[in-house]
Amino acid sequence: MAFGWIDEQAAVRRRAGLVRTLRPRPADSPLLDLASNDYLGLARHPEVVEGAAAAARTWGGGATGSRLVTGTTELHGELERELADFCGFEAALVFSSGYAANLAAVTALAPHGSLIVSDAGNHASLIDGCRLARGTTQVVAHADPDAVRKALGTHDGPAVAVSDTVFSVDGDAAPLAGLAGACREHGAGLVVDDAHGLGVLGAGGRGAPYAAGLAGADDVVVTVTLSKSLGSQGGAVLGPARVVEHLVNAARTFIFDTGLAPASVGAALAALRLLGREPERAARAREVATGLHARLTAAGLEAVRPDAAVVSVRAPSPEEAVQWAVDCRAAGLFVGCFRPPSVPDGISRLRLTARADLSEEQIERAVRVIGETRP
């Protein structure tokens with residue numbers, strides 16, 4: 001029977017308590033949202049929404065083609081220039097998603113004969129980039145510059161180290177300065193995914209590489225998403241102009257993918273400009289994360305200290321993590337639930353988003369609900 005193996009895998013998932021389901025949300029949800037990646041609370045900000053609407057009115061509903069054909073509008077160029085300038089890099093290239101940006105950066109910068117040194121905690125998009133690249137991948141211990149240094153020392157040829165800047169599961173930050181140092185000892189490049197750092201870390205939210213003094217370095221390439229702190233959709237690669245030019249000519253997820261829709265470009269540009277005027281939003285997101293962690297640990301919960309805006313709360317098992325999230329939802333609180341195979345360490349947890357627009361009352365309410373529903 002065609003696809004008969006799917007039923008067997010579905011049964012295995014059910015027995016392990018790992019079945020995933022889609023839950024469409026209404027436009028006006030009554031739930032307190034601590035599950036989304038809307039770190040700065042900009043997804044529904046009037047300026048961001050109007051940025052999307054104005055772009056759609058001007059340019060239409062879609063990009064109409066790949067970036068190299070008809071999919072590049074003047075608005076795309078405007079966003080790329082302002083994003084590069086804001087984050088401190090020479091150039092930027094916008095993609096249809098952060099996932100596509102990561103695939104592009106890793107595959108295009110790791111040709112045949114090269115070595116990719118990948119952190120064990122990296123996001124799935126970086127892992128998939130490593131799998132698709134023609135270079136050889138070596139996975140090393142999490143957040144360990146010495147492990148990167150040792151791996152690079154075994155290879156004679158082009159090499160690149162790949163890491164998240166802020167890891168999406170526990171919210172811990174990578175030792176970027178140490179990673180850059182290890183790479184420079186061996187003439188290797190550094191590619192980092194700042195999806196969870198942009199808008200939260202660095203001066204005014206300019207990102208983790210900016211905070212680490214790596215912005216604009218000729219051996220550092222950064223990928224970002226426009227769908228988290230900027231409240232829109234899409235992704236981008238930031239780096240030296242020659243790297244961006246190389247991606248235009250070699251990155252398959254750029255060449256063969258339809259360009260990012262104008263509405264998303266307009267929304268991201270509006271959010272970026274708003275953040276430039278209101279840099280305190282970044283500090284507020286970090287403040288909320290610190291406050292959530294302090295209150296959760298004071299309540300006796302096992303929460304991981306956040307380095308950015310992600311707060312992770314450990315659960316006893318996958319089944320109990322799922323039920324915990326369900327109970328939180330029933331009590332009016334929407335939280336994320338991470339479990340295998342999404343978590344590299346096999347430990348299930350609730351994943352909370354510390355948004356800059358949360359009030360103290362909402363923070364207290366969230367902690368109360370999580371404590372009252374704990375397994």
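Positions are given from 1 along the sequence.
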| message | Go through it in stages, so that I can follow the logic: the residues are Thr64 and Thr70, the test is side-chain hydrogen bond (donor to acceptor under 3.5 Å, both in side chains), and I'd like the CA-CA distance, side-chain angles, deciding distance and then a yes or no. | response | CA-CA 6 Å; Thr64 76; Thr70 59; 2.8 Å; yes

| task | Please say which of Asp307, Asp172, Leu198, Leu201 ends up in a side-chain contact (heavy atoms from CB on, under 4.5 Å) with Val166. | result |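 With Val166 as partner, side-chain contact (heavy atoms from CB on, under 4.5 Å) holds for just one option, Leu201.
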
| task | Apply the side-chain contact (heavy atoms from CB on, under 4.5 Å) test between Val313 and each candidate in Val304, Val335, Leu352; give the one that qualifies. | result |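 Checked Val304, Val335, Leu352 against Val313; only one passes side-chain contact (heavy atoms from CB on, under 4.5 Å): Leu352.
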
Charged N-O contact under 4.0 Å between [X] and [Y]:
X      : Y      : result
Arg365 : Glu372 : no
Arg374 : Glu302 : no
Arg284 : Glu360 : yes

Side-chain heavy atoms of [X] within contact of [Y], under 4.5 Å:
X      : Y      : result
Asp164 : Val192 : no
His155 : Ile116 : no
Thr225 : Asn37  : no
Arg131 : Ile127 : yes
Leu274 : Arg281 : yes
His45  : Val49  : no
Ser163 : Leu179 : yes
Thr165 : Pro209 : yes

So, for [X] and [Y], which heavy atoms are closest and what is the spacing to 0.1 Å?
X      : Y      : answer
Ala325 : Cys337 : CB-CB, 4.0 Å
Val288 : Arg355 : CG2-O, 3.5 Å
Ser312 : Val169 : CB-O, 3.5 Å
Ala147 : Ala141 : CB-N, 4.2 Å
Ala212 : Leu176 : CB-CB, 3.9 Å
Gly189 : Cys183 : O-SG, 3.6 Å

| query | When the aromatic ring centroids of His142 and Phe167 are compared, is their separation below 6.0 Å? | reply | yes

| task | Take His196 and Tyr39 through the side-chain hydrogen bond (donor to acceptor under 3.5 Å, both in side chains) test and state the conclusion after the steps. | result | CA-CA 9 Å; His196 300 278; Tyr39 296 134; 2.6 Å; yes

| task | I would like to know whether Arg242 and Glu245 meet salt bridge (Lys or Arg N to Asp or Glu O under 4.0 Å); could you show each step before the answer? | result | CA-CA 5 Å; Arg242 65 192 182 100; Glu245 182 181 358; over 6 Å; no

| field | side chain to side chain contact (heavy atoms under 4.5 Å, CB included) between Thr353 and Asp38, worked out | value | CA-CA 8 Å; Thr353 298; Asp38 187 17; over 6 Å; no

| task | Before giving the answer on salt bridge (Lys or Arg N to Asp or Glu O under 4.0 Å), spell out for Glu320 and Arg314 the whole-Å C-alpha distance, their side-chain angles and the decisive distance to 0.1 Å. | result | CA-CA 10 Å; Glu320 288 171 300; Arg314 302 293 177 89; over 6 Å; no

| said: For Asn249, is the CG atom crowded, meaning more than 12 foreign heavy atoms sit under 6.0 Å from it? | reply: yes

| Whether over 12 other heavy atoms sit under 6.0 Å from Tyr210 OH |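 Result for OH/Tyr210: open.
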
| side-chain hydrogen bond (donor to acceptor under 3.5 Å, both in side chains) between His293 and Thr290, worked out | CA-CA 5 Å; His293 174 264; Thr290 301; over 6 Å; no

| request: Assess whether side chain to side chain contact (heavy atoms under 4.5 Å, CB included) is satisfied between Tyr99 and Asp128, documenting all intermediate values. | output: CA-CA 9 Å; Tyr99 210 110; Asp128 286 352; 2.4 Å; yes

| said: Pair Glu78, Arg273 - check salt bridge (Lys or Arg N to Asp or Glu O under 4.0 Å), show working. | reply: CA-CA 12 Å; Glu78 203 170 342; Arg273 290 170 176 171; 2.6 Å; yes

| request: Take Glu90 and Val244 through the side chain to side chain contact (heavy atoms under 4.5 Å, CB included) test and state the conclusion after the steps. | output: CA-CA 9 Å; Glu90 188 176 11; Val244 168; over 6 Å; no

Check: [X] side chain, [Y] main-chain N or O, donor-acceptor pair, under 3.5 Å:
X      : Y      : value
Arg351 : Ser168 : yes
His246 : Ala108 : yes
Asp194 : Ala208 : yes

| With a cut-off of under 6.0 Å to the ring centre and 45° to the axis, is Arg206 in cation-pi contact with Phe86? | yes

| field | Rounded distance (nearest 0.5 Å) linking atom CG of Leu115 with atom OG1 of Thr137 | value |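 The distance works out to 7.5 Å.
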
| request: Please lay out, stage by stage, how Arg277 and Glu47 fare under the test salt bridge (Lys or Arg N to Asp or Glu O under 4.0 Å). | output: CA-CA 12 Å; Arg277 298 198 314 272; Glu47 289 185 32; 2.8 Å; yes

| query | Given the rule in the side-chain hydrogen bond (donor to acceptor under 3.5 Å, both in side chains) test, do Thr373 and Asp327 qualify, once you have shown the distances and angles that lead to the verdict? | reply | CA-CA 6 Å; Thr373 57; Asp327 292 342; 5.9 Å; no

| Residues in side chain to side chain donor-acceptor pair (under 3.5 Å) contact with Asp144, at least two apart in sequence or another chain |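 Scan of Asp144 (side chain to side chain donor-acceptor pair (under 3.5 Å), adjacent residues dropped) gives none.
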
| task | List the steps, then state whether side chain to side chain contact (heavy atoms under 4.5 Å, CB included) holds for Ile370 with Leu333. | result | CA-CA 8 Å; Ile370 293 169; Leu333 176 67; 3.6 Å; yes

| Do Asp33 and Ser36 get their side chains close enough for a donor-acceptor pair, meaning under 3.5 Å? | yes

| Side-chain donor-acceptor contact under 3.5 Å, Asn122 with Ser118 | yes

| Taking only residues two or more places apart in sequence or in another chain, which ones pass side-chain contact (heavy atoms from CB on, under 4.5 Å) with Leu31? | Ser29, Arg329, Phe334

